[in-house]
Student: 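Okay, here's the structure, questions in a sec.
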Amino acid sequence: RCSRDWSSDVCSSDLPWHGRIFADGWIRASKEIALYAPRPVTLTRPLSQGDVRADQPVVSLQAHDLSLRQARATARIDTLDSRLLAAAASDNLPETARSTRAQLEQQRVEVRGVGAEARQLQLVAPFAGQLVDVAQDALPGSVVSRQDPLARVIDPSSWVAEAFIDEDALKRLPPAAAVKAYLRGMAPDRLQGRIEAVDTVPVEQLPAEMLADRFGGPLRSEEHTSEL
């Protein structure tokens, strides 16, 4: 996958020219969230990349078992309402009326519960930003499992660049040094910022497969069964 905040980049520290450090890495939005279905469901409408508002519905899902439960509870309520009217017209059925009211309340609770579960299937953007990385197979009518990522919402106003720097060069980086990230295939083509943190622990797994040399990336990697 390659979306705006997964594009490869080159980051350099703002040191005197002869001492500048260049390193490959990647850039991502500092604020983002992945959207997943809360349960196995069916997608009801297509997903569209682009700008979104806070609390805007962006994914509409449907669970057929909820529709069935709703229909059963509604039919049961109609039956119980009719039975309650009949019991109210008779002075000899107080116990029946009491039991019917209890059953009626149970079915109304079921309807409210189904409604609450159905609302959870309408995924909204938690903040204003952009909907990106929409799954290519996310078409209306397609079945979605809980593990399938549907899309991500990002805030494009703030970015984090993660660069993979040689250990010797890392020692020459002053805290909070000014840096520039040169972006490939993006507009604008560079961003300015400062170093927030330095992690000296060796990387065992790359954050994106596009960084690995065997996928055309700039970083040498060794292939394992499930890791880069």
Side-chain angles (χ1 to χ4, degrees), residues 1-36 47 49-56 58 123-135 147 149-228:
R1 270 188 326 180
C2 183
S3 67
R4 182 176 178 184
D5 59 328
W6 278 73
S7 299
S8 298
D9 66 279
V10 179
C11 187
S12 68
S13 62
D14 198 7
L15 299 171
W17 181 257
H18 66 277
R20 285 188 176 183
I21 300 169
F22 291 83
D24 292 298
W26 73 315
I27 187 171
R28 59 178 175 81
S30 60
K31 187 177 181 181
E32 64 179 22
I33 186 170
L35 301 179
Y36 295 86
L47 306 182
Q49 294 195 150
D51 296 337
V52 294
R53 305 181 307 275
D55 298 322
Q56 175 183 333
V58 292
L123 308 185
V124 301
F127 49 83
Q130 293 180 345
L131 189 70
V132 299
D133 280 356
V134 172
Q147 293 77 24
L150 295 170
R152 290 187 303 123
V153 178
I154 67 169
D155 180 357
S157 65
S158 178
W159 299 86
V160 173
E162 297 182 2
F164 298 89
I165 302 175
D166 181 83
E167 186 176 357
D168 292 334
L170 196 61
K171 299 175 182 178
R172 297 191 287 116
L173 279 178
V179 295
K180 294 179 182 178
Y182 297 89
L183 314 179
R184 300 171 184 169
M186 291 177 59
D189 61 358
R190 69 185 64 184
L191 297 173
Q192 296 186 1
R194 291 190 175 276
I195 295 177
E196 293 186 349
V198 176
D199 188 353
T200 58
V201 177
V203 175
E204 296 184 357
Q205 183 174 356
L206 295 178
E209 66 178 19
M210 70 174 61
L211 295 173
D213 53 358
R214 68 176 184 275
F215 291 106
L219 303 180
R220 185 173 61 85
S221 62
E222 297 180 1
E223 185 173 3
H224 294 282
T225 55
S226 60
E227 296 183 347
L228 299 177

Student: Run the side chain to side chain contact (heavy atoms under 4.5 Å, CB included) test against A34 and tell me which residues pass, sequence neighbours left out.
Tutor: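 By the side chain to side chain contact (heavy atoms under 4.5 Å, CB included) rule, A34 matches Y36, R152.
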
Student: Measure the CD1-CD1 distance between I33 and I154 for me, rounded to the nearest 0.5 Å.
Tutor: 13.0 Å

Student: Considering residues at least two apart in sequence or located in another chain, which fulfil the side chain to side chain contact (heavy atoms under 4.5 Å, CB included) criterion with V198?
Tutor: L170, I195, T200

Student: Sequence neighbours excluded, which residues qualify as side chain to side chain contact (heavy atoms under 4.5 Å, CB included) partners of S158?
Tutor: S30

Student: For D133, does its backbone N or O pair with a side-chain atom of Q49 as donor and acceptor, under 3.5 Å?
Tutor: yes

Student: Can you name the nearest heavy-atom pair linking L47 to L150, along with the distance?
Tutor: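 Heavy atoms of L47 and L150 come nearest at CD1-O, 3.8 Å.
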
Student: What is the minimum heavy-atom distance between A125 and R53, and which atoms define it?
Tutor: CB-O, 3.4 Å

Student: Looking at residues at least two apart in the chain, or sitting in another chain, which of them share a side chain to side chain contact (heavy atoms under 4.5 Å, CB included) with A135?
Tutor: D137, A138

Student: Please give me the minimum heavy-atom distance between A161 and A181, naming the atom from each residue.
Tutor: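 Looking at all heavy atoms of both residues, the closest pair is CB-CB, 4.3 Å.
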
Student: How far does CD of E32 sit from CG of D155, to the nearest 0.5 angstrom?
Tutor: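 E32 atom CD to D155 atom CG measures 10.5 Å (nearest 0.5 Å).
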
Student: Looking at E196, I'd like to know if its CD atom is crowded, meaning that more than 12 non-hydrogen atoms belonging to other residues, nucleotides or ligands lie closer than 6.0 Å.
Tutor: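 Atom CD in E196 is not crowded, with 12 or fewer foreign heavy atoms closer than 6.0 Å.
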
